[in-house]
Amino acid sequence: MTGMRTKRSTPRLRPERAATAVAKRLEDSPHLPAFDHARHLLEWYDRHRRRLPWRAQAGERADPYAVWLSEIMLQQTTVAAVAPYYARFLARWPDVRALAQATLDEVLVAWQGLGYYARARNLHRAARVVAGDLGGVFPDTEDGLRALPGVGAYTAAAVAAIAFERRTAAVDANVERVIARLFCIDTPMPRAKARIRALAASLVPARRAGDFAQAAMDLGATVCTPRAPSCEICPWTAVCAARAIGRAEELPRRAPRKARARRRAVAFWAMRADGAVLLRRREDGGLLGSMIELPSTAWRAGAWREADARRAAPLRARWRALPGTVEHVFSHLEIAFRVLAARVAARAAAPEGCFWWPLARLAEQALPTMTKKLVAHARGPRADGRRR
DNA sequence: AATTCGTGGCC
DNA sequence: TGGCCAAGAAT
């Protein structure tokens with residue numbers, strides 16, 4: 001019901017005036033105190049907060065390492081996707097010194113499938129900074145945290161508030177949406193960011209800044225949702241300017257996204273007689289940086305003719321084209337792979353930049369989802385019935 | 001300021 | 001189905 005969109009037959013109120021009207025209605029009532037946003041939100045949070053693996057129990061102190069680790073993983077990533085990774089990381093590397101002692105490749109293997117792999121590289125770098133230069137102690141200020149690789153404005157504020165009770169606003173996409181609606185901000189993102197941040201900061205209470213940060217995010221995640229917000233159960237519904245004029249669901253405004261570029265490539269599946277396959281590590285930076293892939297042709301806009309692909313093969317062999325294609329979608333591009341497969345002698349040497357690796361031990365390599373899809377396609381239908 | 005960075009779930 | 005979105009950072 002709440003998600004139904006109704007056509008407006010009356011001219012819409014200007015957002016600024018809507019916000020002003022709500023504010024005035026409250027401030028002009030001499031018998032009512034000013035609306036205490038933080039109090040209403042925190043009371044709601046105490047009853048409805050989500051139980052999350054990285055969240056301390058009510059009254060308990062948060063571990064800065066656990067908070068930092070969870071915040072890095074949660075960047076642009078859903079709670080459901082993060083949970084199992086977080087559990088594995090914390091079990092294997094219970095503190096920042098343990099993580100600092102791990103190799104980068106161990107961290108990349110543990111991160112595989114979670115995406116945005118620069119986060120894993122920065123996580124490892126930051127762990128070494130904290131464990132080394134900082135004596136194993138996390139900075140307890142926003143500026144100190146912000147200086148760590150992979151820690152930007154949001155994450156610094158979140159860790160400072162949650163782990164150290166610093167009075168600061170952690171403004172993520174949830175909070176941006178909540179604030180844009182609360183004040184009916186019509187300016188499209190990202191231009192409205194500075195104003196939203198200032199408004200959010202004005203609501204942070206002197207006490208329980210960490211709970212306030214998490215409460216605001218919970219509110220955005222469970223009540224003030226992108227589509228079909230549950231305004232009737234929102235602790236701020238009485239003072240929400242967008243709600244007052246029925247515009248909550250259309251805020252915040254965003255510029256339309258650019259279409260994804262499409263690329264095509266041919267991947268090579270070389271199976272050695274001893275059961276090893278040919279792999280390649282991608283270069284350090286950029287897309288899937290430092291992760292493992294199948295040797296492939298360049299990614300280009302146009303289709304590959306099979307003859308051209310054969311000439312680009314990493315080694316001489318009797319390549320045969322596998323049926324079908326493998327599609328994979330990244331943030332800003334999508335790619336379709338054809339696969340050429342070949343069996344080669346056990347003595348075959350690895351070409352420059354590539355290495356042979358036992359198929360049975362593939363799990364030890366840092367394989368992004370793109371590579372896993374190609375491997376599954378090349379191996380074909382399994383007897384265990386896990387693939388069609 | 002605008003791009004580049006993954007992946008999976010949702011409707 | 002395909003577009004949208006998710007506890008953003010780095011450049």
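Chain letters run A, B, ... following the sequence lines, proteins first, then strands; residues in each count from 1.
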- Do K193(A) and E176(A) sit within salt-bridge range, that is, some charged N less than 4.0 Å from a carboxylate O? yes

- Query: For the side chain of T297(A) and the backbone of V266(A), is there at least one donor-acceptor N/O pair under 3.5 Å apart?
  - Reply: yes

- Note on the structure: Assert: residue with more 5' nearest nucleotide on DNA chain C, out of R177(A) and Q75(A), is R177(A)

- Is there side-chain contact between H48(A) and T222(A), with at least one heavy-atom pair below 4.5 Å? no

- Message: Can you see if the side chain of H328(A) gets near the phosphate of dT7(B) - specifically, an N or O under 4.0 Å from OP1 or OP2?
- Response: yes

- Would R39(A) count as a cation-pi partner of W236(A), with NZ or CZ less than 6.0 Å from the six-membered ring centre and within 45° of the ring normal? no

- Query: Does OP1 or OP2 of dC5(B) have a side-chain N or O of H332(A) closer than 4.0 Å?
  - Reply: yes

- Base, sugar-phosphate alone, or nothing: which one does G113(A) contact when heavy atoms must sit under 4.0 Å apart? sugar-phosphate

- Message: I need the CD-P distance between Q76(A) and dG6(B), as an integer number of Å.
- Response: 12 Å

- Would you mind classifying the nucleic acid contact of G286(A) as base, sugar-phosphate or nothing, using non-hydrogen atoms under 4.0 angstrom? sugar-phosphate

- Please state whether the base of dG8(B) and the side chain of T77(A) form at least one donor-acceptor pair under 3.5 Å? no

- Look at the rings of Y65(A) and W68(A) and say which category their plane angle falls in: under 30° parallel, 30 to 60° tilted, over 60° perpendicular. tilted

Return all side-chain donor-acceptor pairs below 3.5 angstrom for residues 144-163 of chain A, not counting sequence neighbours, or 'none' if the list is empty.
from	atom 1	to	atom 2	distance (Å)
R146(A)	NH1	V151(A)	O	3.0
Y154(A)	OH	E71(A)	OE1	2.8
T155(A)	OG1	Q75(A)	NE2	3.0

- Item | Near-strand residues of residues 42-51 of chain A, defined as heavy-atom separation under 4.0 angstrom from DNA chain C | R50(A)

- Query: If each of P368(A) and P190(A) is mapped to the nucleotide of DNA chain B with the nearest heavy atom, which maps nearer the 5' terminus, i.e. the 5' end?
  - Reply: P190(A)

- Message: Using a strict heavy-atom distance below 4.0 Å, which residues from residues 142-159 of chain A are in contact with DNA chain C?
- Response: R146(A), P149(A), G150(A), V151(A), G152(A), A153(A), Y154(A), T155(A)

- Euclidean distance, atom CZ of residue R257(A) to atom C1' of dG6(B) [Å, nearest integer]: 14 Å

- What is the ring orientation for F183(A) with H37(A), classed by angle as parallel under 30°, tilted 30 to 60°, or perpendicular over 60°? parallel

- Classify the nucleic acid contact of R191(A) as base, sugar-phosphate or nothing, counting any heavy atom under 4.0 Å across all strands shown. nothing

- Would you say a side-chain N or O of K372(A) is under 4.0 Å from OP1 or OP2 of dT7(B)? no

- Task: Using a heavy-atom cut-off of under 4.0 Å over every strand shown, decide if T369(A) touches base, sugar-phosphate, or nothing.
- Result: sugar-phosphate

- Query: Going 5' to 3' along DNA chain C, which nucleotides are the first and last within contact of chain A (any atom under 4.0 Å from a heavy atom)?
  - Reply: dC5(C) to dA10(C)

Identify each donor-acceptor pair in which a side-chain atom of residues 90-100 of chain A lies under 3.5 Å from a protein atom, sequence neighbours left out, and give them as a table.
from	atom 1	to	atom 2	distance (Å)
D95(A)	OD1	R97(A)	N	3.1
D95(A)	OD1	A98(A)	N	2.9
R97(A)	NH2	G135(A)	O	2.8

- Message: Distance criterion of 3.5 Å, no angle test: do you see the side chain of S331(A) paired donor-to-acceptor with the base of dG6(B)?
- Response: yes

- Message: Under 4.0 Å between a side-chain nitrogen and a carboxylate oxygen: does that hold for R49(A) and D218(A)?
- Response: no

- Message: Between dT3(B) and dA7(C), how many Å separate the two P atoms, rounded to a whole number?
- Response: 24 Å

- Query: Are H40(A) and F35(A) close enough that their ring centres sit under 6.0 Å apart?
  - Reply: yes

- Give a yes/no verdict on a cation-pi contact between R119(A) and Y116(A), requiring under 6.0 Å between NZ or CZ and the six-membered ring centre and an angle within 45° of the axis. no

- May I ask you to say what W111(A) touches in the nucleic acid, namely base, sugar-phosphate or nothing, with a heavy-atom cut-off under 4.0 Å? nothing

- Donor-acceptor contact below 3.5 Å, side chain T225(A) vs main chain R227(A): yes

- Which of residues 114-127 of chain A sit near DNA chain B, with a heavy atom under 4.0 Å from it? L114(A), G115(A), Y116(A), Y117(A)

- I335(A) CD1 to dT7(B) P: how many Å, rounded? 12 Å

- Note on the structure: Atom CE of M370(A) and atom P of dC5(B) are separated, to the nearest Å, by 13 Å

- What nucleic acid atoms does A173(A) come within less than 4.0 Å of, heavy atoms only: base, sugar-phosphate, or nothing? sugar-phosphate

- Message: Check for me whether the distance between the ring centres of F330(A) and H332(A) falls short of 6.0 Å.
- Response: no

- Taking only Lys NZ, Arg NE, NH1 and NH2, and the carboxylate oxygens of Asp or Glu, determine whether R281(A) and D105(A) approach each other closer than 4.0 Å. yes

- Query: Do W111(A) and Y85(A) have ring centroids that are under 6.0 Å from one another?
  - Reply: no

- Round to the nearest Å and state the distance from M291(A) atom CE to dC5(B) atom C1'. 13 Å

- Message: Please report the distance, rounded to the nearest Å, between CZ in R260(A) and P in dT7(B).
- Response: 12 Å

